[in-house]
Amino acid sequence: MRIKLRIMEIFRSEFIILSTVLLIFFVDINLACVPPPSVECDSNSNSGCQIFNYQGIWEDLNICKAGSAVFPKKETELVHAVADAVKRGKKIKVVSSFSHSLPKLVCVGDDEGVIISTRDYDSTIHVDKIAMTISVDAGVMMRNVIDAAAEEGLALPALTYWDGVTAAGVISTGAHGSGIMGRGSAVHEYVVGLRMVVPAPATEGYAKLITITEEEEKEKFRGAILSLGVLGAISQVTFRLEPMFKRSVSFSLVDDHGLENMIQDFVRKHEFGDAWWYPAHHKVLLAKVDRVCVGVDGDGVNKMSQLGQPTTVDDAQQLGMILEMIDSTRDSELLCNLSETGMNARAPSGAGFLNHIVKGFTGYPVIGFNHLMQATGGCQDYSHKQEPNPNLCSPDRILDTNQSICSWDRRVAGLKGYDDEIYVPLSRVEEAIIDIKRIRDLNPQALCELEVVEGITMRSVKKSEAYLGHSEDVITFEFEYLRARDSETPKWNMDVYEEIQQMLVEKYGGTLHWGKSGGYLFQGTSKRAVNLKKFLQVKQEMDAGGLFSNDWTDGLLGIDGKGVEVLRDGCAMEKLCKCREDKHCAPHKGYFCRPGRIWKEARVCRQDH
Ligand SMILES: Cc1cc2nc3c(=O)[nH]c(=O)nc-3n(C[C@H](O)[C@H](O)[C@H](O)COP(=O)(O)OP(=O)(O)OC[C@H]3O[C@@H](n4cnc5c(N)ncnc54)[C@H](O)[C@@H]3O)c2cc1C
Ligand SMILES: *[C@@H]1O[C@H](CO)[C@@H](O)[C@H](O)[C@H]1NC(C)=O
Ligand SMILES: *[C@@H]1O[C@H](CO)[C@@H](O)[C@H](O)[C@H]1NC(C)=O
């Protein structure tokens, strides 16, 4: 009872935080604590390095090491770094300054290999107004790309909703916004050319710079625009632009009855439309997002709070603490109340969109220039040139908790989460939604946690020419939920989440976002990738020695029969395997391997009472 009271107390303050987060919008706070870097080496040297993603936790809970790190500033330095590693027969990987992908794509293939960081590789941003293109260095953050284009009256139609990703990183995992009109919502669809550094024989100096364009090297191009970083080091990316336009955004919360029937029409009708499903509450938040002419009035901006607005250390920790507490006491009523509050607050408050940066949200539609509406951010260091102030924060520690940070900063005990995004072919989405509803109806409250962050995010992505892209139009189902800090801690309601996800993959031909979490769900990816053989041919031509590959990417691509699933005691508790036996769950904690309740081929860890 005392615990319950304590939670109620926190809940009340949390309620305030949540409403603040959802209703009040920050003007940009001066960035105080620069995010911790993706590569940290022994002090005062570039050797003995460790590589981190933004959450500071790899899916298998192991660490990633590299023998040495290089921080090139110019192309000649990048060529030299690759050549030097090739000459020494070392494995190589390229990573962005803060590394926003969750799987082990950026871990170097062996602990003595070389990690190349693009932290300082961001000096070129060149707009060609006549050709309507923009060429940028690999490490340039996308906010700087779309702002530079906008200054010349040009727009990049598609982008991730968060703008702190880099040009090379965002295309290398097939990252996307929402939409299937025109070229669609995946950023790599807008690439027209790449400059890359790839291994070469000694006679050519161990590394060479190549230029890949759509017209001249069709095959290589289709491989290189979405390459998981396994083909070589991207030096520069050229994107195709369009004349600037505006976006018009309107949110409405509706009943989810009939969601399965309307979603296909919805994404065909609204160029950038998306939906945020709250299955436990039988609701869906629909975002009608359409293109309008620049002449239409509107100075709207996107300040969606879930997407990296600056927050304080205290707020981040409090959010993490409250959710962990609810998780450990398993109070679904409390959790469902919390998610309902958040859900109900979104549409009436503009859901993070402001008609005007000072006047705030005044009503729908919110209309604004594409680059100010398509993505947001602010907690990151766009220039990544600020030196951390040693009195406020260091790469390992934050000394002054009043500083603003990203809510996911690995130095604070904030929210650690899974972010599993599964793409389901548009043609099968109707059935898939009906099936998810059948699982939901057995215990709606089990899905409240999915609603706390933002609901199941549904976006559309168009079929792609990229060999590792989609072979047909898809709808995403994105699940964000808490990940326990300690390994093998039973995850509340994990059986329900796992059953839904296994069903989407196994029954509906779902595939996973290359840069988000998913663990064992990636198993069998190579069998589902339609153009895998062609991709592997390109890989053979560009990096025959596999220096840019590691165990994870080999497993994804099925090289030498490798997979990505890890079978060991407790593996299913950490999303490392699909359980076959009880010991893959946690029998000593009461969790046993059981079939799904609706999708019978699912095998999930369930608590038996
Ligand atoms: C808050 C947040 C919001 C997000 N929102 C979205 C979203 O709306 N839509 C979406 O699809 N995704 C989203 N993502 C996922 C994100 O887009 C991807 O994880 C993206 O790949 C991260 O890019 P990065 O620049 O951090 O690159 P990294 O994570 O550092 O690298 C990604 C991949 O690119 C490769 N790479 C990087 N640079 C080079 C180079 N120069 N040469 C060769 N290979 C290179 C790496 O080896 C790796 O394989 C989000 C992530 C976060 C944290
Ligand atoms: C949840 O909300 C209902 C209805 O508003 C309320 O009666 C109930 O006390 C709340 N429960 C908790 C645990 O907050
Ligand atoms: C943080 O802010 C509070 C309130 O303004 C202040 O009392 C406290 O000293 C600050 N902490 C630090 C470390 O500066």
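Order of listing sets the numbers, starting from 1, for every ligand and every atom in it.
Within 4.0 Å of ligand 1, counting heavy atoms only, the contacting residues are Tyr54, Val94, Val95, Ser96, Ser99, His100, Ser101, Leu105, Val106, Thr118, Ala138, Thr160, Tyr161, Trp162, Val165, Thr166, Ala168, Gly169, Val170, Ser172, Thr173, Ala175, His176, Leu228, Gly229, Gly232, Ala233, Ile234, Trp408, Arg459, His513, Gly515, Lys516.
The ring of Tyr54 has its center no closer than 6.0 angstrom to the ring center of Phe98.
Ligand 2 has a nitrogen or oxygen under 3.5 angstrom from a nitrogen or oxygen of Glu333.
With sequence neighbours excluded, the residues that form a side chain to side chain contact (heavy atoms under 4.5 Å, CB included) with Asn550 are Lys93, Cys107, Trp552, Thr553.
The ring-ring contact (aromatic ring centres under 6.0 Å, His included) analysis of residues 318-338, with sequence neighbours excluded, yields no pairs. Within the structure, the ring-ring contact (aromatic ring centres under 6.0 Å, His included) test picks out the following pairs touching residues 159-182 (sequence neighbours left out): His100-Trp162, Trp162-Trp408, His176-Tyr423, His176-His513.
Here Asp554 pairs with Lys562 in a salt bridge; the nearest charged N to carboxylate O distance falls below 4.0 Å. The pair Asp543-Lys539 does not count as a salt bridge, with every side-chain nitrogen at least 4.0 angstrom from each carboxylate oxygen.
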